[in-house]
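Beneath this line is the structure, given in structure tokens, with notes to follow.
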Amino acid sequence: MIAYILDKANLTIKDFFYFKDFLFCDDLEYADKSQIVVPRLVNVMDDDFVYCKDDNNNMIFFGVAFDTQTNDRTDNFALTMRQKECLFDRFIFAENTNLIATSIESFVVRMITDNWVTSGDTLMDRAYINPVAVTNTPVVASLSNIVNVQDGVFNLKTFLGNIKERYGIFVDFVLTNTAPGAGGAVLTVNVYKNTADTVPIDTDVSDISNTEETYSVDVLAKLHVKWFNKTNETTTYHTYYLLADRSISTDVDDPDRVDGTIDSIYVEAESLAEMYDEVINEFQKNSYEHRITFYLRENSQLYLPDDYYVGRKCLVETKTGVKESLITAIERESSSGVRKIT
């Protein structure tokens with residue numbers, strides 16, 4: 001396997017090396033870090049890109065350099081990498097949010113363009129980034145209902161993780177002209193809605209092992225709403241309750257109400273339907289976590305490992321039944337013949 005170190009300023013190749021020991025991690029929050037064992041001290045700086053290929057010249061990991069440490073017991077070094085989406089780990093101004101209602105992909109493209117490509121800072125701008133809205137998905141939700149917004153700013157990396165989980169909006173990175181000696185490299189960032197079919201997983205087959213299930217619940221059960229109607233400039237108050245089937249009611253005496261936390265929000269909307277969309281978004285943030293972790297053989301012919309990636313919907317069958325779920329984390333390690341999937 002080979003790894004290329006790409007300069008964060010212009011994507012030129014600064015160094016390359018062969019490696020065999022690695023730990024590659026992907027997760028929905030882009031928090032897990034990966035690591036490869038480097039045979040020598042390489043020319044790398046924090047935030048340079050690390051582009052890893054297997055022996056068949058296929059890209060197996062693309063990350064952002066985070067740290068290099070010496071192993072005192074060997075002559076090797078450990079190169080730690082963050083996930084490529086951490087390129088956008090920055091707080092930016094919440095502007096042009098009206099785009100979300102017509103194309104959330106276009107909103108992402110606009111944020112990348114304005115803050116990473118053409119901000120006007122020739123030192124910090126990365127002209128090689130080419131963001132593209134491949135699809136156009138309208139989303140009826142304010143920015144603050146998708147990601148935490150404080151004092152008019154939000155973190156784009158966190159936003160990308162949230163829209164992958166809630167709306168199936170993916171961000172793919174494609175490098176072109178990155179071979180040694182090539183110039184004019186481009187990093188295309190494709191933003192699109194993933195429409196792949198739900199993938200089945202039967203944890204009782206021989207290619208899957210060490211299945212573990214854990215449960216946790218954290219729910220908003222009661223929501224007070226102060227609604228300012230922008231059409232007639234009136235203010236009214238409403239209360240909504242969560243029911244056992246996860247539907248929403250306005251009946252305080254409904255026998256199917258569930259226990260949980262209570263919250264209050266202020267909504268400015270032009271219609272009751274628009275206000276109610278905000279209510280739905282609040283309840284959709286509830287966490288009904290049923291975590292299933294298992295190990296899938298890398299050479300499985302029954303379940304092709306590359307069909308299982310973070311953000312893909314899945315239908316998991318365990319000894320307790322069949323559940324609809326979402327792949328939230330994957331871990332691959334050179335010393336293991338299996339990959340860990342959550």
Quick check against the 3.5 Å criterion: does E29 have a side-chain atom that pairs as donor or acceptor with the backbone of G161?
no

Report yes if the side chains of D263 and H224 come closer than 4.5 Å at any heavy-atom pair, otherwise no.
no

Look only at the side chain of D125 and the backbone of G120, and say whether a donor-acceptor pair between them is shorter than 3.5 Å.
yes

Nearest-0.5 Å distance, CD1 of residue I104 to CG of residue L99
10.5 Å

Check the surroundings of atom CZ in R110: do more than 12 heavy atoms from other residues, nucleotides or ligands lie under 6.0 Å from it?
no

Residues T318 and K323: side-chain donor-acceptor under 3.5 angstrom
yes

Kindly compute the distance separating NZ (K8) from CD1 (I5), expressed to the nearest 0.5 Å.
13.0 Å

For P305 and L296, which heavy atoms make the closest approach, and how far apart are they?
CA-CD2, 3.9 Å

Flag yes if more than 12 heavy atoms outside E274 fall under 6.0 Å of its CD atom; otherwise flag no.
yes

Shortest non-hydrogen contact between Y240 and H238, atoms and distance
CE1-CB, 3.6 Å

Can you tell me which residue pairs pass the side-chain hydrogen bond (donor to acceptor under 3.5 Å, both in side chains) test with a partner in residues 84-96, sequence neighbours excluded?
D89-N155

Quick test of your reading: applying salt bridge (charged side-chain N to carboxylate O under 4.0 Å, His left out), list the pairs with at least one residue in residues 199-209, sequence neighbours left out, ordered by first then second residue.
D207-R297

I want to check a possible cation-pi pair here: K33 against F66, using under 6.0 Å from ring centre and within 45° of the ring axis as the test.
yes

Please confirm whether the backbone N or O of V109 pairs with a side-chain atom of T113, one donor and one acceptor, at under 3.5 Å?
yes

Would you kindly say whether T231 and E270 are connected by a side-chain donor-acceptor distance under 3.5 Å?
no

Could you check whether any side-chain N or O of D256 sits under 3.5 Å from a backbone N or O of L243, counting only pairs where one atom can act as donor and the other as acceptor?
no

Decide whether N194 and Y309 meet the rule of one side-chain donor and one side-chain acceptor closer than 3.5 Å.
yes

R126 side chain vs A9 backbone, donor-acceptor pair below 3.5 Å
no

To the nearest 0.5 Å, tell me how far D307 CG sits from I327 CD1.
9.0 Å

Do T12 and N10 meet the criterion of a side-chain donor-acceptor pair at a distance under 3.5 Å?
yes

Just so I know, are the side chains of R339 and Y308 near enough to count as touching, which here means a heavy-atom distance under 4.5 Å?
no

Is any side-chain heavy atom of F22 closer than 4.5 Å to a side-chain heavy atom of V37?
no

Hey, does the side chain of N58 reach the backbone of D54 with a donor-acceptor pair shorter than 3.5 angstrom?
no

Do Y237 and V225 pass the side chain to side chain contact (heavy atoms under 4.5 Å, CB included) test, and can you show the C-alpha distance, the side-chain angles, and the key distance before you say yes or no?
CA-CA 6 Å; Y237 294 83; V225 180; over 6 Å; no

Do V38 and F17 make a side-chain contact, defined as non-hydrogen atoms from C-beta onward lying under 4.5 Å apart?
yes

Does a salt bridge link D32 with R82, judged by any charged N lying under 4.0 Å from a carboxylate O?
no

For the residue pair F228 and Y266, is the inter-centroid distance of their aromatic rings smaller than 6.0 Å?
no

Does the side chain of D121 pick up a donor-acceptor pair with the side chain of S119 at under 3.5 Å?
no

Is there a donor-acceptor pair closer than 3.5 Å between any side-chain N or O of R166 and the backbone N or O of N281?
no

Heavy-atom check, side chain of N136 versus side chain of S106, under 4.5 Å:
yes

Assess whether atom CE of M45 is packed by more than 12 heavy atoms of other residues, nucleotides or ligands within 6.0 Å.
no

State plainly whether one hydrophobic cluster holds both V191 and V139, where clusters connect Ile, Leu, Val, Met, Phe, Trp and Tyr through side-chain heavy atoms under 4.5 angstrom apart.
yes

Joint hydrophobic cluster, F91 plus V117, side-chain heavy atoms closer than 4.5 Å
no

Do F93 and F154 have their ring centres less than 6.0 Å from each other?
no

Any donor and acceptor pair, going by atom type alone, linking the side chain of T135 with main-chain N or O of K193 inside 3.5 Å?
yes

Closest heavy-atom pair and its distance - L87, L187:
CD2-CD2, 4.3 Å

Hey, mind stepping through C52 and F62 against side chain to side chain contact (heavy atoms under 4.5 Å, CB included) and telling me if it holds?
CA-CA 6 Å; C52 304; F62 181 30; over 6 Å; no

Under a 4.5 Å cut-off applied to non-hydrogen side-chain atoms, are V171 and V189 in contact?
yes

Could you walk me through whether T293 and E212 pass the side chain to side chain donor-acceptor pair (under 3.5 Å) test, one step at a time?
CA-CA 5 Å; T293 301; E212 295 183 358; 5.7 Å; no

Is there a side chain to side chain contact (heavy atoms under 4.5 Å, CB included) between T250 and T239 once you walk through the steps?
CA-CA 6 Å; T250 56; T239 302; over 6 Å; no

Determine yes or no for a side-chain-to-main-chain donor-acceptor pair under 3.5 angstrom, with N286 supplying the side chain and F283 the backbone.
yes

Hydrophobic clustering (ILVMFWY, side-chain heavy atoms < 4.5 Å, transitive) - are I292 and V199 grouped together?
yes

Less than 4.0 angstrom from a charged side-chain N to a carboxylate O is my criterion; do E282 and K285 meet it?
yes

Start with the C-alpha gap between V186 and Y128, add the side-chain angles, then the distance that decides, and say whether side chain to side chain contact (heavy atoms under 4.5 Å, CB included) holds.
CA-CA 5 Å; V186 176; Y128 56 77; 5.6 Å; no

Got more than 12 heavy atoms from elsewhere within 6.0 Å of CG, D151?
no

Any chance you could measure L242, atom CG, to S247, atom OG, to the nearest 0.5 Å?
7.5 Å

Verify same cluster id: V310, V108 (apolar side-chain graph, 4.5 Å)
no

Determine the minimum heavy-atom distance between A141 and I100, stating which atoms define it.
O-CG2, 3.7 Å

So, Y241 versus D254: side-chain donor-acceptor pair below 3.5 Å or not?
no

Below 30° counts as parallel, above 60° as perpendicular, anything between as tilted: where do the rings of F16 and Y18 land?
perpendicular

If the threshold is 4.0 Å, N to carboxylate O, is there a salt bridge linking R40 and D15?
yes

Between F294 and V338, is there shared hydrophobic-cluster membership here, with clusters defined by ILVMFWY side-chain heavy atoms closer than 4.5 Å?
no

Does S334 reach the side chain of F24, with side-chain heavy atoms less than 4.5 Å apart?
no

Is it the case that the side chain of W227 and the backbone of Y276 share a donor-acceptor pair, with hydrogens and angles ignored and the cut-off at 3.5 Å?
no

E324 vs T198, side chain to side chain donor-acceptor pair (under 3.5 Å): CA-CA, chis, key distance, verdict
CA-CA 9 Å; E324 292 184 2; T198 299; over 6 Å; no

Please report the C-alpha distance between F107 and F159 in whole Å, then the side-chain angles of each, then the deciding distance to 0.1 Å, and finally whether the ring pair (Phe, Tyr, Trp, His ring centres under 6.0 Å) criterion is met.
CA-CA 11 Å; F107 174 72; F159 178 83; 5.5 Å; yes

Do you see a donor-acceptor pair shorter than 3.5 Å between the side chains of Q83 and D27?
yes

Does some side-chain heavy atom of I280 sit less than 4.5 Å from a side-chain heavy atom of V140?
no

